[in-house]
Amino acid sequence: MPLKSETQPPSTGTGTGTTPSDPSNASIDPILLVLRILPYSFLRPPRLRLKLPTLTLPSPMTVYALVLLTYFMVVSGIVYDVIVEPPGIGSTQDRLTGSVRPVVFLAGRVNGQYIIEGLSSGFMFVLGGIGIVLMDLALDRNRVKSVKVSYATAGISSVVLAYVMSMLFLRIKIPGYLY
């Protein structure tokens, strides 16, 4: 390690000297300098007429479908399913008959789920979101009245169905919740 008296003061870049990042003083090897300069004295790069690729924007419905699919995957718990790898459905044994019956909801555990449970809950959330979009489309003034009524009816019924089913799923998941 050089002493402080042997080190050079940092250059501010305002002088006429070359800076360490200047490629002309990067090497003092004469062969390297010749190889760096000689080929470019008589060779010229070709003039390429390349066209830049044109990217078209996706349609609004494509973007909406991708956003809706991403929303479905996030609220369904796909990340949890990939990391934890729970079973698709569970099973329980009936106390009276002793027969094994399938169970879709992992009751009593808020921090765990079966795959079908997450997918069905996610579908209900997406159904509610689509219902809100349909109710928004029913407010368009340029549509025929029968179409507006159809959109409003489908939207309201979708939102009500999604809410009722989500509350049913929640009551199955957490027994005694909101009673």
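Residue numbers start at 1 and run along the sequence shown. Computed from a predicted structure; not experimentally measured.
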Side chains of Tyr114 and Val104 in contact at under 4.5 Å (non-hydrogen atoms): no
Heavy-atom closest contact (Val159 atom, Gly128 atom, distance): CG2-O, 3.6 Å
Excluding sequence neighbours, so at least two apart, what forms salt bridge (Lys or Arg N to Asp or Glu O under 4.0 Å) with Asp140? Arg143
Just by distance, do the side chain of Lys173 and the backbone of Leu106 share a donor-acceptor pair under 3.5 Å? yes
Just by distance, do the side chain of Gln113 and the backbone of Leu119 share a donor-acceptor pair under 3.5 Å? no
The salt bridge (Lys or Arg N to Asp or Glu O under 4.0 Å) partners of Arg171 (sequence neighbours excluded) come to none
Closest approach of Ala152 to Ala138 (non-hydrogen atoms, all atoms of both residues): N-CB, 3.6 Å
The side chain to side chain donor-acceptor pair (under 3.5 Å) partners of Thr56 (sequence neighbours excluded) come to none
Considering only Ile, Leu, Val, Met, Phe, Trp and Tyr, and joining two whenever side-chain heavy atoms are under 4.5 Å apart, list the other residues clustered with Ile83. Val79, Tyr80, Val84
Gap between atom CZ of Phe123 and atom CZ of Phe72 - 0.5 Å precision: 8.0 Å
Side-chain donor-acceptor pairs of residues 91-98 under 3.5 Å, sequence neighbours excluded:
from	atom 1	to	atom 2	distance (Å)
Gln93	NE2	Gly98	O	3.0
Asp94	OD2	Thr97	OG1	3.1
Thr97	OG1	Ser99	N	3.4
Thr97	OG1	Ser99	OG	3.0

More than 12 heavy atoms of other groups within 6.0 Å of Leu139 CG: yes
Going by the rule side-chain contact (heavy atoms from CB on, under 4.5 Å), which residues pair with Ser59 if we only count those two or more places apart in sequence or in a different chain? Met61, Thr62
Could you check whether atom OH of Tyr177 has more than 12 heavy atoms from other residues, nucleotides or ligands sitting under 6.0 Å from it? no
